[in-house]
Structure formats: C-alpha cells, structure tokens
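First up is the structure itself, then whatever we jot down about it.
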There are 2 protein chains.
Amino acid sequence: MTQPIPLFNANCNECGLKKLCFPLGLEKSEVLRLDALVKRKPALQKGDILFRSGQPFQAVYAVKAGGFKVFTQHASGEDKLIGFYLPGDILGVDALSTDEHVSTAVAMDTSTVCEIPFKDLEQLSLQLPTLNRQLLSIMSKELSDERMHAEFLARKSAEERLALFILWLSQRQARRGFNDESFRIGLLHRDVALYLGLTPETVSRVLAKFSEEGLVEWRQKHLTIHHRARLDALANHQEEGVCGRIAG
Amino acid sequence: MTQPIPLFNANCNECGLKKLCFPLGLEKSEVLRLDALVKRKPALQKGDILFRSGQPFQAVYAVKAGGFKVFTQHASGEDKLIGFYLPGDILGVDALSTDEHVSTAVAMDTSTVCEIPFKDLEQLSLQLPTLNRQLLSIMSKELSDERMHAEFLARKSAEERLALFILWLSQRQARRGFNDESFRIGLLHRDVALYLGLTPETVSRVLAKFSEEGLVEWRQKHLTIHHRARLDALANHQEEGVCGRIAG
DNA sequence: CGTTACGTTGAAAGGGTTCAATCCCTGTGG
DNA sequence: CCACAGGGATTGAACCCTTTCAACGTAACG
C-alpha cells in the first residue's frame, strides 16, 4: 500500500468534483492553500479499509473515485450499514467529537481519496470563513443524509423503503451530473437490505415485483428507472397517517 | 408571547448547563463575548412553536429548561418525529446548509431557550478556535444522535427498540447529572411510537410486558428503571446476526 | 470447470399492525 | 365537590407482511 504507485495528481482547482467538495465557494488562491494540505493516496482496491472503528481520528477523506461502504462493528460481530459514500462525498467527520473513528469504511470498488489532516483543515478554516462555512455545511449534509436513513427505516412497508431508496440514489447521481435514470451501483442486495432494515430475500422479492410492473430494473450492479412517476407515488404512498397535532 | 415576562437572566458563566453547551472549554473572558450574543427570550408554553419548517434560518437555540419535540411536516400532513431536545441541547443547526429550517420544534412543557443569532456565532467562532471546535462538536453530536435514531429503527423487534430507547433516555439523564433510574419524561406514548417506528398499541403492550416482568415502570409521565441489567440484555439480545464480512 | 458467494423462489411461522371497544386520567363547568 | 367530556392509553381478535429456513439457480473467480 506504500509502494510508488503513480498517483492521480490533479489539484483541487482542476478537480471535477470541486463544486461538491471543500473548495466550494472558495477563491482560486484560497483553493491553493487548501490544496497544499491534501495528501493524495494510492488507489484502494475493492475491500480495502480506509479507516477502521477505534482508530484515532486524524484526517477526513474526500472520495475522488469509486465508493465506500461505512458500517459499525459491534463487539458481538453484528455489523450495521450506516451509509454509502460516492465521489465528492466527505468521509470521516463523524469522528470529530470523539477523536476516534466510530465506524469502518470499506472500498466498494477500486477507489481513490484525498486525505486532509483535520488539524490543518481546522486551522486553515479559521482563516478562511468560506471554508469554515463549507465544513459546517458538510457536517450538515451528513446530518440530513442520516436523517434520510432514519426516514427509510421508519417507512413501514418494504416497497416504500425501496422505492424511496432508489429515488434517493437517483438524486445523488443527478447531483453529480450523471445519468439519473440508468447507472451503475456497486451495492450487493445484502448491503441494501442491511441499510434498509430488511432481509436480502425481501429486497429480492420487492425488486422482482418492481421489475414485473415495469418500474425499475436492477440487475447485477446496474440500475435503470423506467417509471419515475409511479415510483414516486409508491414512495409517498401512505402519506396521510398521523395528521393530528403532535404538540402537547 | 411578547409581553414583559420576567426573564431568567443568568449569564452563560453562571449557567448550570454551560458544560453541555457552547461555553464548554472556553475561557471566562471568551464566555463573556459569547454571552453578549445571546438573546434570552420569555418562556414558551407547552405546545408553543420555537421555529417552524420553512422559516428562514437565523439563530440556533440552547434549551435552558423544559424540552422540545422536533418533527418534520410533510405536505401530506404526515408528521415524523425526528428527536427530543432537553436542557443543554442545541436546536436548529440542522438548517445550516439550507438557510431554512427543515423541521418544526414544539415545546413539550413550559420551556426557556437562549437564542444565538447564527451570523454572530459564526463570526465569533472564527476568532475563538475553541468555540469553533465546540460548534463542530455539537454538529457531530447531532449526527450521532441521528445515528442512534437509525439504530432504534433498524432493530427488528419492538422490545429491543424500546429497551434501547429507555436506556438511551436514562443515559441522557445521567449526562445531565440527574437521577437516571427514575425520572420524568414528558413524552406521550404516541410520540415514542412515532419516534421508534411503532404504533402506540405496540408500545403499550411492550411496556405492559416490561412492567409485568419488573423491568421498568412507565406510568403517566414518570419512568422508573428497576432492572437495568436485564434491560441491557434485552436491548443487545440479537447481537449475532449477519457477522460475515461486509467488504466486497 | 469447479468452487464460492450471492441471488432467487417457495412455504410456513411469527410479530406488528389494524380496527374497535373500553378504560383511565385530566381538565372543565355546573 | 361531582359530573362530564376529550384525549390518550389499554386490551382483544383478525389480518397481513416480513422473516425465517431451506432448496435451488446463477454469476464471478481461480
């Protein structure tokens, strides 16, 4: 892992993901200062671990290519999928308050990341208000992602969960400027099941049903959305529910 | 709500919650500068709304007394409980990236808050590294709370969810220095059910069972834990599960 | 070409939801 | 002080969906 592999050495100013990442909103000169902090590491192979639960927190990581699965490791051996990180996403901020990583990140494919030592980042962000704001913004995005996750899990029916999940995947693609109707998704059904609080069998069944009805096609690692409107309807189906005032 | 109610005007240095709140780690002189930003508002009555989804984001709030329920309001009328905030907790940071509140906060009891205009806070935190770190830390805590919420929802059985939830409530009490075996909790069963992705009926049944077995007593708005060890065991019962390597 | 892990499909079982009726607590007004 | 409403909590029975367990199919990899 420390052998001299030729690195993909694009700097932040030239990086196609800069609008999704820390440089967002920064002046060119400011980006250069940020760029100076970044350590670009050799590519990780599928299954490689970026950081492991319990390791000291020293840096955050920007995904440049590939993708990562993040999960918790309980002493008992049970794993819980927390999230997926794609190019442009920032990994590792969840360790900020504990000084120790609380989750483990595994490469889903061959992946590259930019490593940014957190101390340096913190110091620089005190000098660059925009960067500081961006750091907060990234934390906030993490928060809303986690809230989305809770939203998936709170849905009662497996169909709703999956419909919502697929639409969310699609949105993420769109936000990155990729095709959001048909794209590659390096997730096992087992991962999806774990993430959505279902079993692989149920995922398989629901997906089969979606396919029958011409909603979506998810074969191997490729996903195609055929009928977004109906998928939307499914995802927001039971939207009457409690209604009453929660106040009290 | 704007009548001249006598305010509880303790400053941050004298506040019993300062170790849970923004002042954590700050010098006395720094706390004074923070204190100058704080607007102390009249108490809110049970059911009053602190902020509403869609309102522009201008300030964060520190809960001083009472408590708040936070939920999303879907257009369809469905409400989803996102979280509970007790004294020492910070409300409103979730709006940071959108400049608009994405949730609604309702007082569970008569409650007081400290309002801190975010612009001022952001500016000051650029000058006080410790404050900036504390702001990030608070965001990080929000994140781990939301992750806890997802953890509740991911548990398969209603018993596990409730056991875990009760233990979590107890931990929060302990962190505040209150009695964590027997305490008041201003939540309706309906709220709990909403939060845990269950129905009030199921909550009622499980609580009845817990009571029968002498685990916990949750009558009206008072909760007593009688047998923490067994509750612990219940919460972590099915801790074998998937096991296999998620990597791949 | 075999092995391994993932995916699918089936039938059975269990747990939570649903719906409805009843109880209980709280606050109100007589 | 008591009666009465109203909302929430409880309890019961039936149903439905997901899980479970098991067997089979299929894709990837050496």
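From a predicted model like this one, the values you see are computed outputs, not experimental measurements. Below, chain A is the first sequence line, B the second, and so on; all start at residue 1. Computation of the quantities below employed the complete heavy-atom set of this structure, encompassing side-chain atoms and omitting hydrogens, waters and symmetry-equivalent molecules.
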Quiz prompt | Degree of bending, the helix from C/dT8-D/dA23 to C/dG30-D/dC1 (end axes from five pairs; round to 10°) | solution =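 Taking five pairs per end, the axes differ by 40°.
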
[X] [atom1] to [N] [atom2]: how many Å, rounded?
| X | N | atom1 | atom2 | answer |
| --- | --- | --- | --- | --- |
| B/Glu159 | C/dG14 | CD | P | 15 Å |
| A/Leu187 | C/dC6 | CG | P | 13 Å |
| A/Arg190 | C/dT4 | CZ | P | 16 Å |
| A/Lys209 | C/dG7 | NZ | P | 21 Å |
| A/Glu160 | D/dC16 | CD | C1' | 15 Å |
| A/Asp191 | C/dG7 | CG | P | 8 Å |
| B/Leu207 | D/dT11 | CG | C1' | 14 Å |
| A/Leu194 | C/dC6 | CG | P | 12 Å |

Quiz prompt | Side chain B/Glu201 and base C/dC19 donor-acceptor under 3.5 Å | solution =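 Pair found.
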
Self-check item: Base C/dG10 paired with A/Arg205 side chain (donor-acceptor, <3.5 Å)
Solution: yes

Exercise. Would you indicate which nucleotide in D/dT18, D/dT10, C/dT8 comes nearest to any side-chain atom of B/His189?
Key: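 So the side chain of B/His189 is nearest to D/dT10.
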
Quiz item: Taking the side chain of A/Ala208 as its heavy atoms from C-beta onward, which of C/dT9, D/dT11, C/dG16 lies nearest to it?
Solution: C/dT9

Quiz item: OP1 or OP2 of D/dT19 less than 4.0 angstrom from a side-chain nitrogen or oxygen of A/Thr202, does that happen here?
Solution: yes

Quiz item: Can you tell me if the side-chain N/O atoms of A/Lys156 get under 4.0 Å from OP1 or OP2 in C/dT17?
Solution: yes

Practice problem: Measure centre to centre between the rings of B/Trp218 and B/Phe210, then say whether the value is under 6.0 Å. | Solution: no

Practice problem: Check whether the ring centres of B/Phe165 and B/Tyr195 lie less than 6.0 Å apart, and answer yes or no. | Solution: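 Centroid separation for B/Phe165 and B/Tyr195: below 6.0 Å.
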
Quiz item: Of A/Gln220 and A/Thr199, whose closest DNA chain D nucleotide lies nearer the 5' terminus?
Solution: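 Upstream on the strand: A/Thr199.
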
Practice problem: Mark yes or no for whether B/Ser170, through its side chain, and B/Asp180, through its backbone, hold a donor-acceptor pair below 3.5 Å. | Solution: yes

Quiz item: Short question: side chain of B/Asn179, backbone of B/Glu181 - any donor-acceptor pair under 3.5 Å?
Solution: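 Checking the backbone N and O of B/Glu181 against the side chain of B/Asn179, a donor-acceptor pair under 3.5 Å is found.
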
Quiz prompt | Electrostatic pair A/Glu201-A/Arg205, nearest N-O below 4.0 angstrom | solution =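 A salt bridge is absent here (no side-chain N lies under 4.0 Å from a carboxylate O).
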
Quiz item: Looking at residues at least two apart in the chain, or sitting in another chain, which of them share a side chain to side chain contact (heavy atoms under 4.5 Å, CB included) with A/Glu100?
Solution: A/Thr98

Quiz item: Taking atom types as modelled and ignoring hydrogens, do the side chains of B/Arg147 and A/Thr72 form a donor-acceptor contact shorter than 3.5 angstrom?
Solution: no

